[in-house]
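The structure appears below as structure tokens.
Computed from a predicted model, the values in this text were never measured in an experiment.
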Amino acid sequence: MRSRLRRLVLGATALFTAASALPAAAATTGQRAEQRPSRDGMSAVIRYTEYGIPHILAKNYADLGFGTGWAQAADEVCTLADGFVTLRGERSRYFGADAPAGGDLSAARTNLASDLYFRGVRESGTVEKLLAERAPVGPSREVRNMMRGWAAGYNAWLKQKKVTDPACAGASWVRPVTELDVAARGLAIASISGEGRFVDTITAAQPPSGGTGVSGAPSARTPGAKAVAKAADELWGDPGMGSNAVAFRGDTTAGGRGLLLGNPHYPWDGGRRFWQSQQTIPGELNVSGGSLLGTPAISIGFNAHVAWSHTVSTGIPANFHQLTLDPADPTTYLVDGRPERMKKRTVTVAVKNGAPVTRTQWWTRYGPVVTSLSSQVPLPWTGRTAYALNDPNAANLRFADTSLGFSKARSTGEVLASLDRHQGIPWVNTIAADRAGHSLYTQSQVLPRITDELAGRCSTELGRTTYPASGIAILDGSRADCALGSDPGAVVPGIFGPARMPTLKDAPYAENSNGTAWMTNADRPLTGYERIFGTVGTQLGLRTRGAIEDVAAMADRGGLTVRDLQRQQFANRVPAGDLAAKDVARACAALPGGTATGGDGKAVDVSGACGVLKAWDRTMDTGSRGALLFDRFWRRLEQAVPADRLWKVPYSAADPVRTPNTLNTDAPGFPTALADTVAELRGAGIALDAPLGTHQFVVRDGQRLPVPGGAGRLGVWNVIEPTWDAAGGGYTEVPFGSSHLQAVGWDGSRCPVARTLLTYSQSSNPKSPHFADQTRLFSGEKWVASRFCEKDIMSSPKLKVVRVHERP
């Protein structure tokens, strides 16, 4: 049986290899075949290895998309189908208008708001217009074929297989999809940090009645810098997306070749999950990695020559324009004194057990009208003024082509070339390394072309506060000379061109933990970029500080291997603990009578906490005693003590990695935070020295699995963000954190040396054998040895071969 299986795989591989090795004239015929599939329809061979990882083998891009769509449906059909309901604007129809929208593809609070927005996008024809554009503005033929193939593969799986996942088995909303649906998902992902953040206010904004009142918000007054900073944090400091990544140059490694460690932080459930695969068209493409669900290309990954990952950037992906309105008509605005009428987008949404709902949205040359920046910063629509949102990613279908360029790249230089050509990365940095020993960091992303000069010349009164405080630009929309303009080399007007992007090449290490480009390498700081990209010289987060300490020491030590990357991922060091735990324990022990007064005025015996904190090993390993106590204390301390009083030694831009330091235990909020933490844990029935893994966990197949790692606010590399439920007795199951991990290097062979781990496993279906297998590995801090080369795939003891194809 085993030898028969091997012959089948070898035969399929030989067939595809022969097809890809045709001379140029035959290759042209093959390209025409991409556009006109054979009568047999699309097909692919999927070789499954350990942990249900599919290695998809295809003759062309359409077939590759077909195999990818099939395999994604097999693992995640319910999650995918739910997302397509969102994109069609049908959540209210199936799940009710007032139910939470889920947050996978936008920040909409209710299904109704989500539907009004996404149905409006669908009816506007935005996606069709972008699909009709020639590359690089629109998708390439290869990506169009992958999207078309993905839809066909998903549909073929639905037609040929039975849905067993109880989340959607038998549901009427699980329906076939089209290439348009796949493209719409890509567009939603691109704009999730722009228009996607403002869905509620886009769909609710209405002109003031009578032309003189106010819509959507109270009267405006210029907020202070703190309110603006809080608003920016609400919008673009969302912990729902984050990451770490580091690339090492060859002279720091044992073999003289590059190394890359990628550690994105994403939700463990829902439509923002990653999904693993290898995609191969012999002679054309061979890449492994993680794809965002519903997308046909590898999002982060590696091939035989280069590896890359992404981290959520500090760039602000949208801006605002303040409109001066016609006093006689609040839906008409003036540009250089000439009137322009807003465009009405009237949308009707079907509602479960209710009458259809019709709402009107208002759009301008800049984008949709909105009525708030956040709960702290209203942008009221009055008889004189309104505000429009500009999001260049709302017309960006270039992400897949950029990623496909990475997949084909043979060096970090070619990664950068793909970024320069396609300019499709919406809200992340790119970190890469290659087998020649090069390293790369670049914040090459799609941002509104807001220069500091433009902001200085065109900011409104509110914008003069928001831009320096947070990078959020609010420009005078009544002046044509305040338009964003165009950069040389920019794919479309209104965005920055490649020359403007903060980029660091061939540094000994290039690291990012969602901080600014400035401290990518502490010895080679990046400066000179516009404020909208991020800050220079400002205080670093603890995760960035800890990461730079770790990777700089690794680079200095040298002789690095993939095993060193694996150790870094699971070191679970707590920089906040290294900085403060000793002082906390000492101050705790000095409290008179071992007691402190809580926020409710009651005295609490905290003496038991002192010894626990002193003995704590300063890690967030599952067996660490004191980790949970410090975690809960640190969160309360940051709330109780203002940031400028938390440390005795203040921040210094001359020493950004080591300052601020020395915890201010004399701050009035310190004993209160300690007392409230001890009372909180005791009230939940949790021992002060309880092992972390006893209370930081997920449940899979009825088994409680301890989860290592800790909060980013503690500075932990291996980010895990559980949710505290005091009434429920502590943390609930982990909903967010480290996701698709990859540690990649090269030796003298043709095959990359790679270890991967999909922390939440490949399938959301509790009936799948791959619902929890990698989660158990994560719990035990173990990795999967990647099978990239044919000999490795063929030698898998779990090898299973499936030929998938369309049927009449």
Checking side-chain polar atoms at under 3.5 Å, does T759 have a donor or acceptor matched by the opposite partner on S739? no

If you define the side chain from C-beta out and look only at heavy atoms, does anything of Q443 sit under 4.5 Å from M501? no

Under a 3.5 Å cutoff, is there a donor and acceptor pairing between the side chains of S763 and N765? no

List the steps, then state whether side chain to side chain contact (heavy atoms under 4.5 Å, CB included) holds for L64 with I56. CA-CA 7 Å; L64 186 65; I56 303 160; 3.9 Å; yes

Should L504 and L440 count as side-chain neighbours, where that means a heavy-atom distance under 4.5 Å? no

Distance-only polar pair, side chains of Q279 and S407, donor-acceptor under 3.5 Å: no

Hey, are E284 and Y61 close enough side-chain-wise for a donor-acceptor pair under 3.5 Å? yes

Do S313 and Q445 have side-chain N/O donor and acceptor atoms under 3.5 Å apart? yes

F496 ring center within less than 6.0 Å of F533 ring center: yes

If every non-hydrogen atom of P264 is compared with every non-hydrogen atom of S243, which pair is closest and at what distance? CA-OG, 3.1 Å

Evaluate the side-chain proximity of L741 to W783: yes if any heavy-atom separation is below 4.5 Å, no if none is. yes

Rounding to 0.5 Å, atoms OG1 (T756) and NE2 (H740) come to a distance of 5.5 Å

Set out, in order, the CA-CA distance, both residues' side-chain angles and the distance that settles side chain to side chain donor-acceptor pair (under 3.5 Å) for E90 and W173, then state yes or no. CA-CA 9 Å; E90 295 180 337; W173 46 268; over 6 Å; no

Please list every donor-acceptor pair under 3.5 Å in which a side-chain atom of residues 396-404 meets a protein atom from a residue at least two apart or in another chain.
from	atom 1	to	atom 2	distance (Å)
N396	OD1	R398	N	2.8
N396	ND2	N393	OD1	2.8
N396	ND2	G424	O	3.1
R398	NE	H422	O	2.9
R398	NE	Q423	O	3.0
R398	NH2	Q423	O	3.0
D401	OD1	S140	OG	2.5
D401	OD2	S140	N	2.8
T402	OG1	R398	O	2.8
T402	OG1	G424	N	3.2
S403	OG	F399	O	3.2

If you look at every heavy atom in A318 and G194, which pair is closest and at what distance? CB-CA, 4.4 Å

Say whether R47 and H55, considering side chains only, have a donor N or O and an acceptor N or O under 3.5 Å apart. no

Examine distances only and state if a side-chain atom of T295 and a backbone atom of L292 form a donor-acceptor pair shorter than 3.5 Å. yes

Around atom NZ of K505, are there more than 12 heavy atoms of other residues, nucleotides or ligands at under 6.0 Å? no

Please check this pair: side chain of R249 against backbone of G437, looking for a donor-acceptor N/O pair closer than 3.5 Å. no

Among residues two or more places apart or on two chains, list those pairs meeting salt bridge (Lys or Arg N to Asp or Glu O under 4.0 Å) that have a residue in residues 493-502. D487-R500, R500-E530

Indicate yes or no: at least one non-hydrogen side-chain atom of N512 is less than 4.5 angstrom from one of N244. no

Tightest non-hydrogen contact, residues S299 and S291, listed as OG-CA, 3.5 Å

Which class fits the ring pair W268 and F778: parallel under 30°, tilted 30 to 60°, perpendicular over 60°? perpendicular

For residues Y266 and F274, determine if any side-chain heavy atom of one lies less than 4.5 Å from a side-chain heavy atom of the other. yes

Does any non-hydrogen side-chain atom of F118 lie less than 4.5 Å from one of L105? yes

Hey, is the main chain of R807 close enough, under 3.5 Å, to the side chain of K159 for a donor-acceptor pair? yes

How close do L87 and A188 get, counting heavy atoms only, and between which atoms? CD2-CB, 3.8 Å

Assess whether side chain to side chain contact (heavy atoms under 4.5 Å, CB included) is satisfied between L80 and R185, documenting all intermediate values. CA-CA 10 Å; L80 290 164; R185 194 179 191 107; 4.2 Å; yes

Between the side chains of E511 and S513, does any donor sit under 3.5 Å from an acceptor? yes

Whether the R91 and T86 side chains hold a donor-acceptor pair (N or O, under 3.5 Å, no angle test) is what I'd like checked. yes

Heavy-atom count around R750 CZ within 6.0 Å, excluding the residue itself: above 12? no

Is the backbone N or O of R272 less than 3.5 Å from a side-chain atom of D104, with the two atoms forming a donor-acceptor pair by type? no

Under a 4.5 Å cut-off applied to non-hydrogen side-chain atoms, are K408 and E414 in contact? no

Rounded to the nearest 0.5 angstrom, the CG-CD distance for L285 and E142 is 10.5 Å

Looking at R787 and E50, is there a salt bridge between them, counting it only when a charged N and a carboxylate O are closer than 4.0 Å? yes

What one should report as the nearest heavy-atom pair of S309 and G262 is OG-CA, 3.6 Å

Value rounded to 0.5 Å, distance of NE2 in H770 from OG in S764: 13.5 Å

Test ring-ring contact (aromatic ring centres under 6.0 Å, His included), reference W308, set F406, Y441, F302, output is F406

Would you please say whether a donor-acceptor pair under 3.5 Å links the side chains of N718 and S738? yes

T311-N429 side chain donor-acceptor pair, cut-off 3.5 Å: yes

Taken to the nearest 0.5 Å, the spacing of I192 CD1 from W427 CH2 works out to 6.5 Å

Distance-only donor-acceptor check, side chains Q278 and N286, under 3.5 Å: yes

Atom pair CD (Q72) and CD (Q276), whose distance is rounded to the nearest 0.5 Å: 12.0 Å

Check against side chain to side chain contact (heavy atoms under 4.5 Å, CB included), L131 and R144: CA-CA 8 Å; L131 288 173; R144 285 290 303 267; 3.6 Å; yes

To check you understand the geometry: which heavy-atom pair defines the closest contact between H305 and N303, and what is its length? N-OD1, 2.7 Å

By salt bridge (Lys or Arg N to Asp or Glu O under 4.0 Å), which residues pair with R122, not counting sequence neighbours? D181

To the closest 0.5 Å, what do you measure between CH2 (W157) and CG (N155)? 12.0 Å

For I793, does its backbone N or O pair with a side-chain atom of S796 as donor and acceptor, under 3.5 Å? no

Does any part of the side chain of P317, heavy atoms only, come nearer than 4.5 Å to the side chain of R197, both counted from C-beta? no

Treating D63 as the side-chain partner and F66 as the backbone partner, does any N or O pair qualify as donor plus acceptor under 3.5 Å? no

Fit a plane to each ring of F736 and H265, take the angle between them on a 0 to 90° scale, and name the class: parallel (under 30°), tilted (30 to 60°) or perpendicular (over 60°). perpendicular

With ring centroids as reference points, do Y154 and F84 lie under 6.0 angstrom apart? yes

Evaluate the criterion side chain to side chain contact (heavy atoms under 4.5 Å, CB included) for residue pair E195 and Y117; output intermediate values, then yes/no. CA-CA 9 Å; E195 284 187 9; Y117 173 76; 2.6 Å; yes

Can a donor-acceptor pair be found between the side chains of E76 and W275 at a distance below 3.5 Å? no

